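For reference, the structure is listed below as structure tokens.
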Amino acid sequence: MLIRIPLPPYFSFQECLWFLDRNFDDCMHKVSKQGVRKLLEIENEPVLIEISENEAGLKVEVLFGKGPEEPIVQFVEEWLDMSRNIEPFYELLKKDKELAYMTTDFYGLRMIAIPDLFEALCWSIIGQQINLTFAYKLKRRLTETYGKMLTYEGAEYYLFPKPEDLMRIAAEDLLPMQFSGKKAEYIIEIAGKFANGQVSKEILQNLSTQEAIAHLVKIRGIGEWTANYAMMKSLKRLECITYGDVGLYNALAQQKGFPKRPSKEELNIFFAGFKNWEAYTVFYLWRTLALKKQ
DNA sequence: AACCAGGTTATGC
DNA sequence: GCATAACATGGT
């Protein structure tokens, strides 16, 4: 099956692809010259898709499985944030002397989402306080052990583990994968809360951003940074700011001459210039962290 | 060879 | 309330 999705304005598939392929070994998708392959679950059945680009726009090919077209299109549009008009964000960027270059250098980059809230929370807990290379290794070990796998053309594609897959394991089971004892506990506890319905994307969707964050930070392992990260990457609440984020601070220091540890007030003053686009601003600032590496 | 990574909790004052 | 240690290991 072949699905075509027209490209929205201010969208660059290549920029999105760059993000998906930036120097890390992400087990949730595979990037090749043609595009990106990712395993989805549609109506409880595995569906492997390949997203590429041609003159007509985005081309989504279903390589394995079948299912209705709509949820596949919906996933792609949500994942690559295709349904958003980001022109207002670019207008704000242009007003910032130091950041205006992003509208051309990162033209069309979209905030790549993690639609599955459970995955987003687990991933942000895994990534706390450790370098991303190590974080991606931990995610891979967890996923390869507890996630569903599909083999296609000799390559393995994974779904992130479900809460039900993780709620009954013991923290000790994750220690050989080099999880810290605490991270193992947090992830298993959160799996239980998802499984019994205490936490879900639906619940948070019906709350204001501030209420949802308050709900999340009550959970062990989720602090202010994690709650904001999940709200931004999964629920796509664009007013979220990852306070306490070292990567954000480094980028602000390099790009804007900020202090190494800016206060919340300093951050709020800066982000006031990007009202309703705070999360996009954070995402574009993260993008700058790769500039010197390549 | 220290010191820092896309932080958070537990503990002590 | 606020400061500090512990976490587990890779990168620089």
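As the structure is a computational prediction, the values presented were derived from the model and not from experiment.
- Across all strands, Thr133(A) comes closer than 4.0 Å only to sugar-phosphate atoms, never to a base (heavy-atom distances).
- Classified by interplanar angle (parallel below 30°, tilted 30° to 60°, perpendicular above 60°), the ring pair Tyr280(A)/Trp277(A) is perpendicular.
- With dA5(B), dG7(B), dA10(B) as the candidates, the nucleotide lying closest to the side chain of Thr226(A) is dG7(B).
- For dA5(B), the OP1/OP2 oxygens have no side-chain nitrogen or oxygen of Gln129(A) closer than 4.0 Å.
- Nearest to the side chain of Val246(A), among dG10(C), dT8(B), dA5(B), sits dA5(B).
- No engagement by Leu248(A) is indicated, since no non-hydrogen atom pair under 4.0 Å with the nucleic acid exists.
- One interatomic measurement links the two molecules: CZ of Phe134(A) to C1' of dA5(B), which rounds to 11 Å at whole-angstrom precision.
- Rounded to whole Å, the distance from NZ on Lys137(A) to P on dT9(C) is 11 Å.
- Within 4.0 Å of Ser124(A), counting heavy atoms only, lies no atom of the nucleic acid at all.
- Note on ring orientation: taking the six-membered ring where Trp is involved, the planes of Phe118(A) and Phe160(A) are perpendicular (angle over 60°, cut-offs 30° and 60°).
- For the P atom pair drawn from dT4(C) and dC4(B), the interatomic distance equals 14 Å after rounding to whole Å.
- When rounded to the nearest whole Å, the span between CG of Leu289(A) and P of dT12(C) equals 13 Å.
- Between Phe283(A) and Phe19(A), the ring planes are tilted. Angles from 30° to 60° get that label.
- One atom, CD of Glu189(A), and another, C1' of dT8(B), lie 13 Å apart when rounded to the nearest Å.
- At whole-Å resolution of the value, CD1 in Ile222(A) and P in dG7(B) are 15 Å apart.
- Look at CG on Asn131(A): it is 11 Å from P on dG7(B), rounded to the nearest Å.
- Backbone-only engagement by Tyr186(A) is indicated by non-hydrogen atom pairs under 4.0 Å involving sugar-phosphate atoms exclusively.
- Note on Ile219(A): only backbone sugar-phosphate atoms sit closer than 4.0 angstrom, heavy atoms only; bases stay farther off.
- For the pair Gly127(A) and Lys182(A), both in contact range of DNA chain B, the more 5′-proximal nearest nucleotide belongs to Gly127(A).
- One finds no side-chain N or O of Asn250(A) lying less than 4.0 angstrom from the OP1 or OP2 phosphate oxygen of dC4(B).
- Straight-line distance between the P atoms of dC7(C) and dA1(B): roughly 22 Å, to the nearest whole Å.
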Listed pairs under 3.5 Å, donor-acceptor, residues 190-197 of chain A side chains, sequence neighbours left out:
unit_1: Asn196(A); atom_1: OD1; unit_2: Gln198(A); atom_2: N; d: 2.9

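- Distance CG (Leu138(A)) to P (dG10(C)): 9 Å, rounded to an integer number of Å.
- The aromatic ring centres of Tyr136(A) and Phe24(A) sit less than 6.0 Å apart.
- Rounded to whole Å, atom P of dT9(B) lies 13 Å from atom CH2 of Trp225(A).
- Pairing for dG1(C) is with dC13(B), a Watson-Crick or G-U wobble pair whose two hydrogen-bonding atom distances lie under 3.5 Å.
- Checking side-chain atoms of Asp96(A) against main-chain N and O of Leu92(A) turns up no donor-acceptor pair under 3.5 Å.
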